[in-house]
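Note that the coordinates shown come from a computational prediction; the quantities given were computed from them, not determined experimentally. To find a chain, count down the sequence lines: A is the first, B the second, and so on, and within it residues start at 1.
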Amino acid sequence: MDEETWELRLYVAGQTVKSVTALANLKKYCEEHLHGRYRLEVIDLMQHPQLAEGDQILAIPTLVRKVPSPIRKIIGDLSNQERVLVGLDIRPGLHK
Amino acid sequence: MTAAPALPQLPKAPTGIDGLDEITNGGLPQGRPTLLCGSAGCGKTLMSVEFLVRGIEEFDEPGVLMAFEETADELAANVTSLGFDLKQLVADKKLRLDHVHVDRSEIEETGEYDLEGLFIRLGYAIDSIGAKRVVLDTIESLFSGFSNQAVLRSEIRRLFRWLKDKGVTTIITAERGDGSLTRQGLEEYVSDCVILLDNRVINQITTRRLRIVKYRGSTHGTNEYPYLITEDGISVLPVTSLKLEHEVSNEVVSTGVPGLDEMFTRGGLYRGSSTLITGTAGTAKTTLAAAFAAEACRRGERCLYFAFEESPQQLMRNMRSVGLDLQPFVEQGLLHIEASRPTLNGLEQHLVTLHKLIGQFRPQAVVIDPISNLVSVGSITEVRGMLTRLIDYLKVQGITALFTALVSGRSANQEMTEEGVSSLVDTWIHVRDLEGIGERNRGVSILKARGMAHSNQVREFVVTHEGIRLLDVVIGPGGIVTGASRQTQFLQEQAVAVAAQQEIERRERELERKRRVLEATIANLRTEFESVEEELRRSNQEEEQRHQELSQARQQIAAGHNARPGNHSAAAPANS
């Protein structure tokens, strides 16, 4: 339907267990549901602390959906697939 | 204090806020978090912003303000009225504002997370300007943004630990909760210093109060201290300054009423002392106060007159009717009359106004007319507290102060002055009605005068169009008499005096008469004496003549019997 490219940003702080888990989970969901239509950027705040303010990051890890708007944020290690999909507003099955 | 090897004191970060450093003995604990809690509208944000701004301006300690509720622009706008230019400070890299926006509706929680992002942001902000002071306003907002309370609490605990380790002096603000200091129980995380702000409305007048609930490792004032949000920031007013060690003057200044001066052995009031004039309605308290003010101006001093009952124009008009022209002094800039209704402000606001005007005008004399009106704004205890502070302040400044107080009832023991300020003032003058048969007269007496002897009499005085004049003491049969009795007494005394004068004159006349009688008698006697003397002398002469003739005759007889030549020879010595 919408062929918009999704822009996702994952904020992490170093290679913590939570960060690694979150990234792995996210990649899995994206490949599953948004194959070829997404751009994922991982920002390590340990290296770029100044970027935290812009997206109002408090919790780590935080996934931000920049496009499509509105901006949505999901915090946590993204272990609950259902909630991530709801949070990102991805309707499974639509692209199956 | 005097112990020789002084133990290291808890390092403190001075806040620079008026009075707060005084009651905390130097400031907030340095490098530790302080919890500032209070209900809405207490000035939590304002106080913490002032802490940062003063830290930058006065102590060169850069600061970070992490605002959870207001954006940087809103904050900057809100404190502009206090003269804080946050944007400039940000541009100078002295201050960093970070608005943390937490909106639950935007956030979905899935699985494990922590608040490392907050730490990184704060750490970055602190490091980028080398901040020494941090304000988190209000961290409780996080509780509405995250549902996982367990994570949140442990993260907040970690945050405070982390801030301590970073060595930044932190203020955390929190909303007051029901039955606890903060809504989210933050006090359990902050154990070093807790300051409670309170906003109380009593009799429709709001007073803000501050109390230090705890301050680990330091002594501190334990009372509730009123504080104000003024145009220059927050001002905490310690109830009394802790020491009584102001300088005193030995100089004496006039009260403006010559007769009243004479009632003091040193002829007036000590400079820098405080005087209270109490009296019932219409006993010329204001006139006495105005006389004092005018006298101060006549000496070339500046005088500040706070009128709580009359407008400046009304006061000047009324005083003109008793021969006190205040207009020239006002025009010369020596006298400033500040008139306001007591109910206009809360007590503390009045105190600040007084402080501020005194600071601006730098007077040598201050008149407050009357202080009793302030009771309408607060309870007696509060007024007392305020006046204690005021009198204290004036004494430290060496300002001669005069207060008037209206007392009701006929008894001299008035609650206002009894429980109020009479013990605080150095001199207490009481004016009263001396009500006799069908008339009222005014009497003035001195109840106390520290450091000088004074008259114990109740002196009657009259308010003439040349000012106040004390009348001489007239003692009648029943004590001191006044008014018409004084007149009667005077007339009686006059009559007595006239009678006495007449008596004296009568006696003098009598004496004169007696003298004249005596003199006449003396003349008579003298005449009598003279005639006796003459007679005596004549008879003596005759006797002598006879005696001579006799002796001649004898010589003649002795010389011979020639009577003729004998007569000749005897005649020769008689003729020689």
_So if I take each residue of residues 125-148 of chain B and look for any heavy atom under 4.5 Å from a heavy atom in chain A, which residues do I end up with?_
B:Leu142, B:Phe146
*Quick one: pull up CD in B:Glu116 and CD1 in A:Ile57 and give me the separation to the nearest 0.5 Å.*
13.0 Å
*Nearest heavy-atom pair of B:Gly111 and A:Ser79: which atoms, and what distance?*
CA-OG, 3.7 Å
*Taking all non-hydrogen atoms of both residues, which atom of A:Pro49 and which atom of B:Ile120 are closest, and how far apart?*
CB-CG2, 3.5 Å
*State, yes or no, whether a side-chain contact exists between B:Val100 and A:Leu58 at a heavy-atom distance under 4.5 Å.*
yes
_Which atoms of B:Val151 are under 4.5 Å from chain A, going by heavy atoms: the side chain, the backbone, both sets, or neither?_
neither
*Donor-acceptor pair, A:Gln56 side chain versus B:His101 backbone, under 3.5 Å?*
yes
_Distance, nearest 0.5 Å, that separates CD1 of A:Ile75 from CD1 of B:Ile107_ = 5.5 Å
*Any residues in residues 58-90 of chain B near chain A, with a heavy-atom distance under 4.5 Å, and which are they?*
none
*How far does CG of A:Leu88 sit from OG1 of B:Thr110, to the nearest 0.5 angstrom?*
9.0 Å
*Between A:Glu53 and B:Arg96, is there a salt bridge with N-O shorter than 4.0 Å?*
yes
*Out of A:Leu78, A:Val86, A:Leu63, A:Asn80, which one racks up the most heavy-atom pairs below 4.5 Å with chain B?*
A:Leu78
*Taking all atoms of both residues into account, what is the closest heavy-atom pair of B:Tyr113 and A:Ala59, and its distance?*
CD1-CB, 3.8 Å
*Is any NZ, NE, NH1 or NH2 atom of the basic residue among A:Lys73 and B:Glu108 found under 4.0 Å from an Asp or Glu carboxylate oxygen of the other?*
no
*Taking atom CD of B:Gln149 as the centre, does the number of heavy atoms from other residues, nucleotides or ligands within less than 6.0 Å exceed 12?*
yes
*Drop me the distance from B:Glu112's CD to A:Asp77's CG, to the nearest 0.5 angstrom.*
6.0 Å
*More than 12 heavy atoms of other groups within 6.0 Å of A:Lys27 NZ*: no
_Under the ring pair (Phe, Tyr, Trp, His ring centres under 6.0 Å) test, residues paired with A:Tyr38 that sit two or more places apart_ = none
*Under 4.5 Å, heavy atom to heavy atom, which residues of residues 10-26 of chain A contact chain B?*
A:Ala13, A:Lys18
*Measuring from A:Leu45:CG to B:Arg121:CZ, what's the distance to the nearest 0.5 Å?*
9.5 Å
